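Single-structure report; data block below.
Everything numeric here is computed off the predicted structure, so don't read it as measured data.
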Amino acid sequence: MNKHNNKLYTAQREIYQQLVNTSHKLLVASSSSSSSRSLTTFPIPNIEILHAEPVSDIYSVDNHDDVVETEDVGYRCKCTFQLVPVSSTTDDVHNVQSDLVYSIRIHGEVVPLTNGIFPPANRRIQGAMNALLLHLNTKRDSITEETKKYKYTALRNNLTSVTFVSSWGDNGRIQDNNSDLSGDCHVTLHYGPPGLFHFSDAAITSTPNIFELCNEVNWKRDAQKLCNSCHLSSLTARSKGIKITVFHSTLHGSAECAICDDLWITMKQNDGITEIVGVSLVSPDTTSDDSSHRNAKVRYTKSTEAFQHPNAGVMLTSLRWLLRSLSSISREYAVRSSGALSDIQKPRLLEMYCGCGAHTIPMAKSNILSEIVAIELDDRLVTACKNNCLQNHCLAGSNGHSSNTQVTVIKGDASMWALSTTSNESTMNNTQRFDVLLVDPPKEGLDKTVCEFALNGHIQHVIYISCGRRALLRDLDILCMGGFDVCNLAVIDLFPGTDSVESLVYLRRAL
């Protein structure tokens, strides 16, 4: 068993063991009548390992075994590297005299990247890394003084590290004949002490004309050249008390560093129920599609300052699992409904920690649900989610398309919102209550009040997406002790080479 699969099997085993322990506690409590629910048998969930497929060729319907060997390459859409002089013995800490190389820290040691390559980075970032380093290390055409060796001294002085943030796929606002430079990519240059436009005595001594070379005017001039030649969406300088940004000339001085991404969902109707065929970052070939298939395009606009899923392959695989789970739930509601086909009942969903709408918009465009209410605390993400709903014609009250589920986006803390909703639920009618709760919390997991909301309210189904396994084990114990059974459990390798796993859990209220 390789290290990759061993990590996933370990995660599976831990969660399964937690469910066994919870069931044992329920059996003991049932025999003494001290539990809120009784249990006579252990409900065995469906357990699966999902593999994130390579993003570059991800128009796929099902997982394949051959992707296991490549899912640890080209998946990261955010990376940070140190920039250090190529010679470890140089005294040029201000990066004026020596070529720069990318480095990472391994067990506290600074380790240069071999040939400047970081395999986990996606293709867009790899292309930007190569173009940026070539630009920073460009020599002057004619070197008359050693102090003027590098052409872009204004960009290099006190430069310590760089961060790349890219789109998930190649469908951003920046396009190029070179596919490695297509798609949005924003770069931030980080400057250490004494600062971007401040100079130490050593720097002044080694470069007497540094005041003329390194100032804001020259930085913006050189940054604009770099931004355009490297096909970057934006280039930002960060130093203590300073933040300067320039944009690619085709973006006409955008006021915000934003990432655009397109995603396609392929669906078909089966007895009036929407079934998910595939989810992809690549536009489907409509000329060869089955006539029964319907393709829905999702457009995201995300701030580089706010959270976005760092692994596009995992994001797509998780999203496909989520939509298929909701489709299965929707089928159950349709079977229970006795109306005509056009009157098929659909479940109503509450989404907590909705972020920029990464799950919200695809759920709405799939039209599996009757209504979605999305809760988010971060102001930037609330704004992004509303704007994404608006541009995808699914924001409630904005004349959205009838083929999309309408979304109401609310700024609020999940625990406080759960507390107030629980207290008011007794006065709600059936159309105001929620059938499904979707949670994708931070690593710390769910607040106790959110668990109580799920247990004490009308919620029949809970879908839990987790990147924090310890918190997940705690929350599953609470939910299962209180009346839910785990029906489906899946794990995905979130960051290959680390211990990070994304867990997907579908729970249903025990009958």
Side-chain angles (χ1 to χ4, degrees), residues 256 258 298-303 305-309 319 322-323 326 329 346-402 404-466 475 479:
E256 180 187 16
V298 174
R299 161 59 63 109
Y300 294 111
T301 302
K302 305 159 288 185
S303 170
E305 305 260 328
F307 175 81
Q308 70 158 339
H309 203 300
L319 180 58
L322 167 64
L323 294 177
L326 290 173
I329 294 171
K346 294 179 181 179
R348 187 168 184 253
L349 181 139
L350 172 64
E351 180 184 9
M352 292 184 169
Y353 319 97
C354 69
C356 68
H359 299 136
T360 318
I361 315 299
M363 289 191 299
K365 300 281 274 192
S366 301
N367 201 21
I368 297 171
L369 305 158
S370 64
E371 183 186 2
I372 300 169
V373 175
I375 312 295
E376 174 57 53
L377 182 60
D378 189 315
D379 282 317
R380 297 166 301 178
L381 293 173
V382 171
T383 299
C385 190
K386 286 182 176 179
N387 290 338
N388 283 328
C389 287
L390 186 62
Q391 71 174 326
N392 286 281
H393 309 290
C394 59
L395 183 65
S398 64
N399 298 319
H401 291 177
S402 59
N404 298 332
T405 301
Q406 296 302 286
V407 180
T408 301
V409 183
I410 299 174
K411 172 179 165 47
D413 177 76
S415 59
M416 296 301 296
W417 204 90
L419 190 63
S420 63
T421 304
T422 300
S423 62
N424 296 328
E425 190 159 30
S426 60
T427 62
M428 295 179 179
N429 58 42
N430 286 337
T431 61
Q432 295 174 308
R433 292 172 175 166
F434 298 101
D435 305 291
V436 184
L437 174 63
L438 168 63
V439 291
D440 186 0
K443 200 170 185 178
E444 296 73 26
L446 300 179
D447 188 271
K448 183 179 178 181
T449 55
V450 175
C451 291
E452 290 175 349
F453 165 73
L455 293 173
N456 300 327
H458 182 72
I459 298 293
Q460 300 298 306
H461 309 268
V462 176
I463 295 178
Y464 194 140
I465 300 175
S466 170
D475 294 340
L479 292 171

Distance (rounded to the nearest 0.5 Å) between Asp475 CG and Ser466 OG: 8.0 Å
Closest non-hydrogen atom pair between Gln391 and Asn388, with its separation: NE2-OD1, 2.9 Å
Which pairs would a plain distance check flag for residues 355-366, meaning a side-chain donor or acceptor within less than 3.5 Å of a matching protein atom at least two apart in sequence or in another chain?
| residue | atom | partner | partner atom | Å |
| --- | --- | --- | --- | --- |
| Thr360 | OG1 | Glu351 | OE1 | 2.6 |
| Thr360 | OG1 | Glu351 | OE2 | 3.4 |
| Lys365 | NZ | Lys297 | O | 3.2 |
| Ser366 | OG | Pro362 | O | 2.7 |

Closest contact, heavy atoms only, Arg380 versus Glu305: NH1-O, 2.9 Å
Distance, nearest 0.5 Å, that separates SG of Cys451 from CG of Leu437: 9.5 Å
Separation between CZ of Arg433 and CD of Gln460, rounded to the nearest 0.5 Å: 10.5 Å
Between CE on residue Met352 and CG on residue Asp440, distance to nearest 0.5 Å: 13.0 Å
Candidates Val439, Leu319, Leu438 - the one meeting side-chain contact (heavy atoms from CB on, under 4.5 Å) with Ile465: Leu438
Stepwise side chain to side chain contact (heavy atoms under 4.5 Å, CB included) check, Asn387 with Thr301: CA-CA 8 Å; Asn387 290 338; Thr301 302; over 6 Å; no
Side chain to side chain contact (heavy atoms under 4.5 Å, CB included) involving Asn367 - partner list, sequence neighbours excluded: Lys346, Thr405
Closest heavy-atom pair and its distance - Thr408, Ala396: OG1-CB, 3.6 Å
Any residue meeting side chain to side chain contact (heavy atoms under 4.5 Å, CB included) with Ile329, in chain and number order, not counting sequence neighbours: Leu326, Tyr333, Pro347, Val436, His461, Ile463, Tyr506
Which residues share a side chain to side chain contact (heavy atoms under 4.5 Å, CB included) with Leu377, sequence neighbours left out: Lys411, Asp413
Which atom of Ser398 lies closest to which atom of Leu390, heavy atoms considered: CB-CD1, 3.7 Å
Shortest non-hydrogen contact from Tyr353 toward Gly445: OH-O, 4.4 Å
Separation between CD1 of Ile410 and CD of Glu376, rounded to the nearest 0.5 Å: 12.5 Å
Pairwise distance CG(Leu369) to CG(Leu350) - rounded to 0.5 angstrom: 11.5 Å
Those residues that, when tested against Glu452, pass side chain to side chain contact (heavy atoms under 4.5 Å, CB included) (two or more places apart): Lys448, Thr449, Asn456
Main-chain N/O of Cys394 paired with Asn404 side-chain donor or acceptor, under 3.5 Å: no
Residue list, ring pair (Phe, Tyr, Trp, His ring centres under 6.0 Å) with Tyr464, at least two apart or on another chain: none
Closest heavy-atom pair and its distance - Arg348, Val373: NH2-CG2, 4.0 Å
